[in-house]
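Down below is the structure, laid out as structure tokens.
Both ligands and their constituent atoms are indexed starting at 1 by order of listing.
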Amino acid sequence: SGLVVSFGEMLIDFVPTASGVSLAEAPGFLKAPGGAPANVAIAVTRLGGRSAFIGKLGDDEFGHMLAGILKQYGVIAEGINFDQGARTALAFVTLRADGEREFMFYRNPSADMLLKPEELNLELIRSAKVFHYGSISLIVQPCRSAHLMAMQVARDAGALLSYDPNLRLALWPSVEEAREQIMSIWDKADLIKVSDEELKFLTGSDEIDDASAMSLLHPNLKLLLVTLGEKGCRYYTKNFYGHVEAFHVTAVDTTGAGDSFVGALLCKIADDRSLIEEEVRLREAIKYANACGAITTTKKGAIPALPSHSEVLSLMKGSQ
Ligand code: ADP
């Protein structure tokens, strides 16, 4: 199957042992490996696809633990660098009683921010069928240059470029800069996935309607996806657009649902990119990705909740 290469951050989320508390009230924290691009890479291998992760970790116990997790899941780890000085990034994350997520990042700087262009494994990037990335790696140098170079190398080698902005406002110097930088690479992507909140943020409109989504299409964009949690997903191409309903599940923790969704879709597209052009086949792939996202919400954490191919098939069969 076609290789998905995922570029960006991998870090450790520390999540409270009690639910519905603020970070200050949390009695203790559990380690949860995360970082959207790493989650996507693991989502792909869980489904039986091939993936690689490109990024930088601290040359510390946490960094080697994270690299070990990727390898354990069968993700190609030859694109991982270790920084001798900076630590692996940490984030303390809590879902407060009011439903809002609260983040506190330890990145001053963290190893992922220090990835340099000359450290990129170009051979690995050139072997990608799909090259996937977010926007957190755009925030500071030298990682920003490494990110831009990796995109260029992947594109020149014929990969499809897949972009999930994965907005984390707390990491940006300002709201304006976040919007500007996220949009600065918009027209390079072949596929883009945004959540409903990101759609509102990027368009500046309060509505999540087709017109605002379509305002984000650009001439080279082959597919725009807007994920809507328990409402499923909307898709937009130059030739058609529509909606694919979600599966009904009992959600306990939605962390990683979007990454699981993306991993599933990229797994399918890396095998056969022509499916984007045919609505019936695209809808089938989105349905599969919706099932993947849905299952991920039924278990705690992101990586431990990513489903196997057979789990996805049984949810799809069961709800027919
Ligand atoms: P993100 O994590 O990027 O915000 P979403 O929460 O929209 O992404 O989830 C991605 C996909 O996962 C959705 O399009 C949907 O198919 C599935 N999903 C997410 N939450 C639920 C839920 N509560 N019930 C069923 N499916 C869900």
Pair F92 and Y106, ring centroids less than 6.0 Å apart: yes
Any K193 heavy atom less than 4.0 Å to ligand 1: yes
Atoms of ligand 1, numbered as shown, that sit under 4.0 Å from any heavy atom of L228: 7 (O), 14 (O)
Side chain, backbone, both or neither: A251 near ligand 1, heavy atoms under 4.0 Å: side chain
Single hit among K129, R273, K222 for salt bridge (charged side-chain N to carboxylate O under 4.0 Å, His left out) with D190: K222
Spacing of L191 atom CG and L265 atom CG [to the nearest 0.5 Å]: 7.5 Å
Atom 16 (O) of ligand 1: the protein heavy-atom neighbour that sits closest, reported with distance to 0.1 Å: N290 OD1, 2.7 Å
From G256, A36, G229, A246 - option closest to atom 18 (N) of ligand 1 by heavy atom: G229
Closest approach of any protein heavy atom to atom 9 (O) of ligand 1, naming residue and atom: A257 CB, 3.7 Å
Numbering as shown, the atoms of ligand 1 that approach G258 to under 4.0 Å (heavy-atom distance): 1 (P), 2 (O), 3 (O), 8 (O), 9 (O), 10 (C)
Heavy-atom nearest neighbour in the protein, as seen from atom 4 (O) of ligand 1, with distance rounded to 0.1 Å: S195 CB, 3.8 Å
Greater than 12 external heavy atoms within 6.0 Å of K238's NZ: yes
Cationic N near anionic O, under 4.0 Å, D112 to R107: yes
Any N/O pair T254/ligand 1 closer than 3.5 Å: no
Side chains of S308 and E311, donor plus acceptor under 3.5 Å: yes
Aromatic plane relationship, F105 with F103 - under 30° parallel, 30 to 60° tilted, over 60° perpendicular: parallel
Selection from I295, T227, V226 by shortest heavy-atom distance to atom 8 (O) of ligand 1: T227
Ligand 1 atoms in contact with E230 (distance to a heavy atom under 4.0 Å): 20 (N), 21 (C), 22 (C), 23 (N), 24 (N)
Ligand 1 to G232 polar contact by distance, N or O atoms, under 3.5 Å: yes
D164 with K193: basic N within carboxylate O range, under 4.0 Å: yes
Nearest-0.5 Å distance, CD1 of residue I80 to CG of residue N121: 10.5 Å
Numbered atoms of ligand 1 (with element) below 4.0 Å of T297, judged on heavy atoms: 19 (C), 20 (N), 21 (C)
Identity and separation of the nearest protein heavy atom to atom 12 (O) of ligand 1: G293 CA, 3.4 Å
Top protein contact for atom 24 (N) of ligand 1, by heavy-atom distance: V249 CG2, 3.7 Å
Residue F247 vicinity, atoms of ligand 1 by number, heavy atom under 4.0 Å: 24 (N), 25 (C), 26 (N)
Non-hydrogen side-chain atoms of Y288 and H309 separated by less than 4.5 Å: yes
